[in-house]
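As C-alpha cells, the structure follows; a few thoughts come after it.
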Amino acid sequence: MKTAVYPGSFDPVTNGHMEIIRRAAALFDRVVVLVASNAAKAGFFTAQERMDLLKLCTGTLPNVTVDATEGLVAHYTIEIAADVIVKGLRAMTDFEFEFQQALVNRQLNPRAETIFLPASGTSMYLSSGMVKQVCALGGDIGAFVPGEALPYIIEKISAKK
Ligand code: ADP
C-alpha cells in the first residue's frame with residue numbers, strides 16, 4: 001500500500017491542483033492532500049476554508065483525503081508513514097524552489113521520495129494568486145477553479161472588496 005502526500009497552500013484550490021490530485025490518485029493507493037502553512041505566504045482563505053473546499057472537490061475520489069498541518073511537511077510524512085511526496089511543476093520557474101524543498105524533505109525524512117508531475121499545457125499558467133487577482137477585478141474564473149468551489153471563492157473574494 002503506497003501513500004502519497006500532496007502538500008501546498010491551496011489558497012484556493014484550482015483546476016491545476018485538481019489535475020495533480022487526480023493523476024496522483026491513479027498512481028497511489030492513498031493520497032493525502034495536505035494544506036500546509038507557509039511562512040512566506042500570508043493566506044487569504046483560512047486553513048479550514050481551504051480544507052473544506054478541497055474536501056468538496058475531492059468527494060468523488062475514494063482514495064483521497066484532506067488534512068492540514070501547521071508543522072513541517074516532512075514531519076507529517078513521518079507521522080503517517082507516507083512513501084511519496086507529490087509536487088506539481090508548472091514551468092522551470094517552479095523547479096528551483098521545488099528542488100530545494102525536495103532536498104530538505106529528503107534530509108528530514110529519507111523514507112519519503114519526492115516525485116514531480118508536470119502540469120498539462122492547459123494548467124501551466126494557473127495559480128491560486130492569478131485566480132484571486134482575476135476574481136477581485138471582476139473577471140470570470142469559471143474555467144480556472146472546480147465548479148463545486150466556484151461560488152464559495154467568488155463569495156469570499158467579493159466580500160473582501
Ligand atoms: P500556488 O499558490 O502557486 O498556486 P500551491 O502552493 O497551492 O501553489 O501549490 C501546491 C503544489 O501544486 C505545488 O507543487 C505547485 O507547484 C503545484 N501546482 C500549483 N498549481 C499548479 C498547476 N496549475 N499545475 C500543476 N501543478 C500546480
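We count residues from 1, following the sequence as given. Atoms within each ligand, like the ligands themselves, are counted from 1 in listed order.
Near Ile20, with a cut-off below 4.0 Å to any heavy atom, the atoms of ligand 1 are 25 (C), 26 (N). Near Ser127, meaning under 4.0 Å from one of its heavy atoms, ligand 1 places the atoms 4 (O). The atoms of ligand 1 that sit less than 4.0 Å from any heavy atom of Asp94 are 16 (O). Heavy-atom contacts of Leu126 reach the following atoms of ligand 1: 20 (N), 22 (C), 23 (N) (cutoff under 4.0 Å).
Note: an N/O pair closer than 3.5 Å links Ser128 and ligand 1 by distance alone. Residue Phe10 places at least one N or O, backbone or side chain, under 3.5 Å from an N or O of ligand 1. Backbone and side-chain nitrogen or oxygen atoms of His17 are examined, and one is located within less than 3.5 angstrom of a nitrogen or oxygen of ligand 1. At under 3.5 Å, a nitrogen or oxygen of Gly88, whether backbone or side chain, sits near a nitrogen or oxygen of ligand 1.
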Inset, instruction - Before giving the answer on side-chain hydrogen bond (donor to acceptor under 3.5 Å, both in side chains), spell out for Asp67 and Tyr76 the whole-Å C-alpha distance, their side-chain angles and the decisive distance to 0.1 Å. - result: CA-CA 10 Å; Asp67 202 357; Tyr76 184 89; 2.7 Å; yes

Inset, instruction - Would you please test Phe99 and Thr114 for side-chain contact (heavy atoms from CB on, under 4.5 Å) and show each step? - result: CA-CA 9 Å; Phe99 192 66; Thr114 296; over 6 Å; no

Inset, instruction - Begin with the C-alpha distance, continue with both residues' side-chain angles, and end with the deciding distance and a verdict on side-chain contact (heavy atoms from CB on, under 4.5 Å) for Val31 and Val86. - result: CA-CA 9 Å; Val31 175; Val86 173; over 6 Å; no

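Ser123 O, 2.9 Å is the protein heavy atom nearest to atom 23 (N) of ligand 1. When hydrogens are left out, the protein atom nearest atom 24 (N) of ligand 1 is Ala119 CB, 3.5 Å; that is the closest non-hydrogen contact. Atom 6 (O) of ligand 1 has its closest protein heavy atom at Ser9 N, 3.1 Å. Protein heavy atom closest to atom 3 (O) of ligand 1, with residue, atom name and distance, is Arg90 NH2, 3.1 Å. Closest protein heavy atom to atom 2 (O) of ligand 1: Lys41 NZ, 3.2 Å. When hydrogens are left out, the protein atom nearest atom 13 (C) of ligand 1 is Glu98 OE2, 3.5 Å; that is the closest non-hydrogen contact.
With hydrogens and angles disregarded, a donor-acceptor distance shorter than 3.5 Å links the side chain of Ser127 to the backbone of Met130.
When heavy-atom distances to ligand 1 are checked against a 4.0 Å cut-off, Tyr6 comes that close only through its side chain, counted from C-beta outward. The residue Met124 has no part lying near ligand 1, judged by heavy-atom distances below 4.0 Å.
Remark: the Glu19 side chain and the Asn15 side chain contain no N/O donor-acceptor pair separated by less than 3.5 Å.
Residues Ser128 and Pro12 approach most closely at OG-O, 2.7 Å, considering heavy atoms.
Both the sub-6.0 Å distance and the 45° axial angle are satisfied by Lys156 relative to the ring of Phe45.
Side-chain contact between Val104 and Gln107 is absent, with no heavy-atom pair separated by less than 4.5 Å. Here the side chains of Tyr152 and Asp52 are not in contact, with every heavy-atom distance at 4.5 Å or above.
Linking ILVMFWY side-chain heavy atoms closer than 4.5 Å, directly or via other members, places Val64 and Ile115 in a single hydrophobic cluster.
Ligand 1 has Pro7 within reach: a non-hydrogen atom of the residue lies less than 4.0 Å from it. Look at Phe116 and you'll find every heavy atom at least 4.0 Å from all atoms of ligand 1.
Checking Arg50, Glu49, Gln48 one by one against Val35, the side-chain contact (heavy atoms from CB on, under 4.5 Å) holds for a single residue, Arg50.
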